[in-house]
Amino acid sequence: MADDRTIMGIFSDEETTLSAVRALKETPWSIENVMSPIPSREIADELSTKPSRVGYFTLAGGIIGFFTGFALSAYTALQWQLVVSGKPIVALVPFFIVGFEFTILFAVFGNVVGLILKMKLPDYRGLADHDSRCTGACFCVVAVCPVSDEQKLLNFLKNSGADTRILS
Amino acid sequence: MDRRTFLKIAAMGSLSFASGCSSQPDKTLFSLVQAPDDMVTGRGTWFASTCRECPAGCGIVAKNREGRAIKLEGNPLHPINRGRLCMRGQAALQGVYNPDRLSKPLIRENGRLTPISYEKALSIIQDKGSDAAKKGQGRVAVFTEMVGPTLLSLFKALLAQWHSETPTLFEPFAYESLKLANSQVFGIDGLASYRMEQADLLVSFGADFLETWLSPVEYARRFQQMRAFGSGGKGVYLHVGPYAGLTAANADRFMVCRCGGEAFVAFGLIREVLEKISDSSVSGDLVEPLKRILDPFDREEVLKLSGIRQSHYDLLIERVLSARRPLILGTQGAGAGENTPATDVASCLLNALLDPDLTLIDFSNRHTVERTAKRSDVLNRFKSVTDGKVDLLLLNNIDPVFSVPYNAGFRKTLGQDSPFVVCFSSFMSETAALSDLIVPIAHPLESWDAYEGKTGVWSILQPVMGNLVGTYTLGDLLVRLAFKGETAQQGYRGYLANDLIRRGMIKDERDWIKTVQQGGAFDGLSSEGGLSSKVQPSWSWAGTLSSAIDPGASGTIFAAVPSIRLFDGRGANKPWLNEAPEPMTQVAWQTPVLMDSHTAAKNNIRQGDVLKIASTWGELEAPVYLSEFLHPDLLVMAVGQGHTAYGRYAKGFGTNAAGIFPPDTHPVCGGPLYRVAPISLTPTGKWLKPANTDGSRVQHHRKIALTVPLKALYEHQEKGHPGLGMWDFPLTLPLPEGYDPQRDFYPPHDHDGYRWAMVIDLDRCIGCGACAVACYAENNIGVVGEKRILQGREMAWLRIERYLDEADPTRVIFLPMLCQHCDNAPCESVCPVYASHHSREGLNNQIYNRCIGTRFCSQMCPYKVRRFNWFDWEWPAPLNFQLNPDVTVRSKGVTEKCSFCIQRIKAAHGKAKDEGRMIQDGEVIPACAQTCPTDAFVFGNLMDKTSRIRKLMADPRAYQVMGYLNTKPAVIYLKKVIRDV
Amino acid sequence: MNKTAAKITESVFFNRSLLRMTGVSIVIGLVSFIILLSGKHPERAWQAYLTNFLFWSSVAQGGLLFSAVMQVARGRWGRSLTGPAEALAGFFPVSFLLYLILFLGYKQVFPWRYMELGEKAAWLNLPGLFARDTAGFLILYGLGFIYLYHSWAFRLNRKTDAGKTREYLNRLWNSRSVDPDRFRARMTLFAVLYIIAYAVILSLIAYDLIMALDPHWYSALFGAYHFVKAFYMALGVLIILASILHMNPQIPFALRPSQFHDLGKLFFAFCLVWADFFYCQFMVIWYGNISEETAYVIARTMASPWRPMAWLVFIVSFGIPFLILLNRKIKSNPKWMSLLSALVLLGLWLEHTLLIGPSLNPHVHTLQLGIFDGLIFVGFIGLMTLVVASVLHVLPELAESRISEGS
Amino acid sequence: MSENANPLTFGDIDRRVLATLAPASRGYWAAVGLLAFGVLIGAGCWAYQIAAGVGVAGMNNPVAWGTYLINFVFWVGIAHSGTLISAILHLMRASWRNPIVRAAETMTVFAVCVAGLFPFIHLGRVWMVYYMLSIPNQRNLWQNFQSPLMFDVLAISTYLTVSTLFWYTGMLPDLAVVRDRSTGKKKKIFTIISLGWTGAQEQWRHYTRAYLFFAALATPLVISVHSVASWDFTLGVVPGWHSTIFAPYFVAGAIHSGLSMVLTLMIPMRRIFNYEKIITIDVLENVAKAIIFTGFIVAFAYGTEFFMAWYSQNPVELEVFRNRPFGDYAAGFWIMAVCNTILPVVFFFRFARRSLSILFMVSILVNIGMWFERFVIIVTSVSRDFIPHAWGLYAPTWVEFGIMIGSFSLFFFLFVLFVKHLPSVSMTEMKEMLGKRGGHGG
């Protein structure tokens, strides 16, 4: 949107960031993004982001894995039906371990897949207007305002303790 | 193999060979592009022949596959061994295929041996012979091993041409003392055979009839017929002697005494017997003088002189007097001590007194080893050689340089360049090494011949395979030396046939073929009666009796004894025999000197300490093995090892005792002296790790090798209700009925048609180890050698575990341990790749080419019967020709174990399928069961309710080793019966 | 606030209705115990008695363990739960009394008295067993009380003058003043000692009073299995107790959802550990298939009459909680959690019966479980409730959560 | 522990950690070279063994498992505490673990790699190892999933995969930090491997959740892995192996050894990279406390085993447990007993917990002790099991020692490479620790 300005405010610590975010929410301007070196429950709450749904992938993976494990071991055992130590051909007691290991493995795969899909990584476009301080000591708030309000927003951010940077 | 099938294949085989395979090396073994029409690739052909590993003369049948003999079994039709073989017989094959066999005659030219052709060799001998003959009478001397009558006559014929006397039959073990006793007491200068099986009490004063004595396989069988519980025998066996070899270890009571003390025990016994004797069956003229001579030997005197334990002595007397059909055996026969003749005479007298009709002694079918010359005669004959009265000396397959005391002259004389020494030998033995001309001869398994093991028992030797290295048979050589023209043309086989016809053994060609097929002519064997005898009125024996001297005087005595594995040392070049541990010490590849453990403790000598043992005549060094089976004043060493030549498997292993014995012979019997005293012992400070395969001598009160008192078997024993512990766990068959839902997690599983299993009767097992060696032969088991055995890597699929009784360490029990083919085998489920699993017929399969070598199975196996191939084992050519084509040769990195000879089971399956029937009971016999001289193994199908093995399940003695582990082993053992005497 | 607390307690923990309820249930339990005892099969009575004795003693021991662990691991989140947990420890004296009573039934309780034991007799003999277990209980409970003595010194308000116990304790504390840090350090030390004793002595009890009932069976993990289970049960009871206190507006005890959530997670974790310890034993015994070991397990899990009960235990105490507790929300919901815990506890009570029953009634063909066992259980519930109530009555501070803690 | 006393700021953390990634000195490369040489020794020995046969190692018939499986179990054990620290302590919100979590996880990954090698080295026919993989084949003959070794294959490979992913995920934000503070090729590389992480809320939201699941899954996994390792022994009937307590006892033992290995690694590392302010003495003290705890569990297990052996009154069991303390391998047993159970007791004293030298010494001794624990368990049991006639002794050969040297070299080789090229302390989690003042204390 050509008539919009995206401005990044860079704060030195979590508290000021937090108050800034709170204040910003009162303003007409929208918060596009917040970047932080560490995860912050508080900021997340402020931005009222929904809890992640990665868990569903994990769960799905786990369930699939559990049955895959049993299925594989049962299938291989049934091919020749060799009796070993007089144990049943399809012996659920030991096969449980196979099922278990597969559960964990697939759950983790699910977890990773979910993570990749949800975080949309790898994605290097975000680095274009990324400020290196955001991964260091600083919290960055990216706000959007009409071109007209640019100065207002800049002042606002400065007043709330940030040094600012115009991204676009 | 039952009689019928045997005859079939034997016939098929020998017909072809009778025509086909002469001793000419025309049929090459290597490529059979045109196989002879009787040879079906992949199918074995059986040829009957005779074992020549010792003078006993057992019949064998050899399995020939694609032209190579791959396995020997006893000839079931042969009256001496009845289809069984000892470990030496099993190992005969490694004589044929021995990598160190000589293939060309070698002549010594200025010190170096150079190969020459047979023609050349023959002409040399011919020339030397005729030159000698020219010089005068008796310029040619022949010393030969024990040979058959035909070959002997051939020798005679040859020597006659050279104006020389008959050859000398030389055997290191010639039973001089026994022969002396027989002649003095019974007037028969020979070696009677004994109807042991009919006795109810057997007393031996040293005769090791389970090891080497006369005819071990035969006597092992008779012994168990007498004694074994299974065969209804209730006989008791007592052994009196200074040490216990395998034979004594199988006695119901081993009574240790001084070396030489046996004589006085025998005297005492006679004295006691005489006092009891009332009836006049024994002529008074025998009783009186005996009383007179033996009067001094009352109880105290005997105890003092013999050093026997009082309780033992009383027991002995009590048993002998109460026995109905007692049989007394003399001394060990191979080599004498001072009192040996006295002991033998005394035991003969005892037999005469206790059983005046001598019904247990068979004088008509005598052991032909009696024909061998006394050692004193041998030495006398050789003296003439030493004195230069002989120009040509022929030695046939004997090794006096090794087996006769060093300074008896052989070494010296043979070393000199006159006389000209010709040695007929397949190996570079010590003797050959000193000879001027070495003529390799074909192995008995490659030759035609006839041998008479017992008088009237003629066994035929026929080539069981083509000639391997192109050697000639001795017979052919002699024929060509002795005769010209037609006789020479037809060779020794023709000579033999004619000779047999001349002797009336066979009538015609058909008869000849029949004889060859069944392995010999056994009709001469008279069953009962025959020649009998009485005690001689001449009192020549009296002197012998009085020759006995007090053994106490001589201090520590060093004795050498024959080895069940190597006999007199001729077995030393056979890997199997070295690899198989000595039954009593469980030591392989080494010759330790046995020392009483308490004596050792007193002189703080540890096992493995190397001692230097010196006598007036020489000295030797050997590691000590601590034994429980010796008189404290005795050191015992087995003969056979300590070769300085004789091939890679013999050279440099162990020690030869011959060196320290006196060269002269026993004044009375003329036998060699295998006892020497005084001796000096000095520790060398060296230590040699004993290569023993046992981890412990006792079984630590575990349910492994069990015994049961005879009484307990007769009185009705109430079974305490079965529990789950080691001792009260019930016998659980590896069948569905063996599954108890109260204690089994797994459902039972069925087998289709067969559930192979084995019963091993510990009461029959004498621990001779024939089964183990048969297993090596049948299953291509690798020989690992001394170094690897020291590392604990022996590969035996079947091992004889030797356990001493914790309570009484002089009691021994042997337990053959092999894969138990458990129904719930702990080894199977742990294999990640199904290499080991349960077969449909209950076998515990091991798939070699699937195995990746995790060794998990052998860790889990409670019986530790699984063997891992740590390396690729070697079969130096041509040993590899012996490998059984039906059994995989395992490469390094895989685990192997007993398969119940699955190849034999498969073969039986094929046969049964062709004939559209089930496999019959007793049709499949694993190699171990087949060769066992005492029939301790029974193999069969448990699912067949009528099978012999299934019936044995009812035996109250049946149990499973460590059964409480609920592995449901398919090998069921029968407890050894203890006759508490 | 303490004043109010003191006032409230009068009515909350120790009112008539509660007394009536507990009293009645105790009487019911006692009566049914006597009925069974006088019946043809007195061992049935002792089976029920032993089951409940072990069950509730474990709860009490595990309860205190929770507090001790929190102390050692400095787990702040659970600090406010330690109060109720320590209240459970009030059952210690009762438990010891019950233990002594147990020996009245020694004829039925120790079947090995009639068996051939051999060497084992050195371990399995009545005097020896009584001596070592008595010593064990005394040590465990002794350490427990010393720990409580330290813990309460910080927890209790010294001024309130309610009842003799308080005054006695106050006198103890005031008698000599140690500086708080050293006192806290000693508290931690005794917490550690209690934890060690917990492991060792609960194992001992498990061997002597459960495993040895079938003297031929043994499993090395059995002791650990028992004390892990004990903690699992204690957590269940703790959840219920905490929820009751939490949901009762009159009591100054409230937990943040996160705290319930953490407690729930711990409960979940020990549900898994318990199951794991079971599987570790079952797997090894199943695979080894040595009859000495299998017979015991088969009798309890695969053969009638006990088999269905084994499945019930498995489903109720593992299957259901496992599936439910995967869910995050439920963990922080007191109502549901107490319901679930109750279910689990019921299952574990059956599990105790399952371990003891077959040993005390060998070769039976019917399930040795009846209405009376249930009633006796009820009686013990009453007993436990009464004990906890009275403890909280005397020491109301135990039921105070310090909201201030954590953030 | 009190962060308040700690004057660290976010900036300090970045600076200190990034300083370790500066170009390495000559001495460093010398060390790397030396370790590489050690690896070559091991490789050479293995090659020789493959050519000649496993016989070049000291194993024999009763004792067919030797140092290869001892080292296998040992290294798997080392691996465990890594996951314990990163996952279990994360779930328990013991944030004192944050400074060492990265190093510990790395240790896990490398230890599992090394451990994974040993089963291969152990095999008699390693070239046939693919029989153990589910490769479709024309005979349709697959592997036997009832075998504990198959459990191992699954468990170890799963463990390696999971811990590697866990490790990488945990490192993602730090990689971004490095990216933003480096130039040239290094920047390019880190740009790629940090996958374009910016630290946006959207990313954090999923990241934290996923990380939690990672932890939640790694915890049961780590327990299962060593349980499975223990089942290699317990599932048979061999006396001294067939014991139900093994699984938990192995897990505890694994953590015991792993924790001490953490100390062994951390103490030199904090000295060399002057991490004193980050890896504070309090952190080490906490590890020491944990060691006391695991030490107690291990001791409890030893005791139980002996009691049970006696209680069973089974002559076979009795013999094995008589043989351990008084038999052929008594020395090994006493080393194990003293190092694993007696020594850690010194950590009851505060000064010992806070003295670097004592911590270091004890940590190494405990490692030795744990190695001998595996030796005692694996060797003594089979060397005297059911059939006395088959008893025998075992001693490692130079080949086995060579391979052992190789394995240790390989581990330290990888670790040394890691510390100079990747952030060896988790900057993010350090910052979190500071950020959450007065939050959930350790």
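Bear in mind the structure is a predicted one, so any value in this text is a computation, not a measurement. Below, chain A is the first sequence line, B the second, and so on; all start at residue 1.
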Next on the checklist: Applying side-chain contact (heavy atoms from CB on, under 4.5 Å) to B:Asn966 and C:Ile290, what does each step give before you reach the verdict?
Outcome noted: CA-CA 6 Å; B:Asn966 198 20; C:Ile290 300 176; 5.8 Å; no

Next on the checklist: To check you understand the geometry: which heavy-atom pair defines the closest contact between B:Leu724 and C:Glu292, and what is its length?
Outcome noted: O-CG, 3.3 Å

Checklist entry - Any chance CH2 of C:Trp311 has more than 12 other-residue heavy atoms, nucleotides or ligands included, within less than 6.0 Å? => result no

Item to check | B:Lys951 atom NZ, neighbour heavy-atom count above 12 within 6.0 Å | outcome: yes

Checklist entry - Take atom CD in B:Glu806; do more than 12 heavy atoms of anything else shown fall under 6.0 Å from it? => result yes

Next on the checklist: Please classify the contact between B:Pro826 and chain C as side chain, backbone, both or neither, with a heavy-atom cut-off of under 4.5 Å.
Outcome noted: neither

Next on the checklist: Looking at B:Arg697, I'd like to know if its CZ atom is crowded, meaning that more than 12 non-hydrogen atoms belonging to other residues, nucleotides or ligands lie closer than 6.0 Å.
Outcome noted: yes

Checklist entry - Atom CD of B:Gln742 and atom CE of C:Met302: how far apart are they, to the nearest 0.5 Å? => result 11.0 Å

Next on the checklist: Can you confirm whether more than 12 heavy atoms, excluding those of B:Glu737, are under 6.0 Å from its CD atom?
Outcome noted: yes

Checklist entry - Of all of B:Tyr746, B:Tyr964, B:Phe729, which one pairs up most often with chain C through heavy atoms under 4.5 Å apart? => result B:Tyr746

Checklist entry - What's the spacing between B:Asp728 CG and C:His216 NE2 if we round to 0.5 Å? => result 8.0 Å

Checklist entry - For B:Ser829, is it the side chain, the backbone, both, or neither that has a heavy atom closer than 4.5 Å to a heavy atom of chain C? => result both

Item to check | Mutual orientation of the aromatic rings belonging to C:Trp286 and B:Phe745 [parallel < 30°, tilted 30-60°, perpendicular > 60°] | outcome: tilted

Checklist entry - At a heavy-atom separation under 4.5 Å, does B:Asp740 approach chain C through its side chain, its backbone, both, or neither? => result neither

Next on the checklist: Report which part of C:Tyr287 has an atom under 4.5 Å of a heavy atom belonging to chain B: side chain, backbone, both, or neither.
Outcome noted: both

Checklist outcome for this item: Pair count under 4.5 Å, heavy atoms only, with chain C: among B:Arg743, B:Met726, B:Met860, highest is B:Arg743

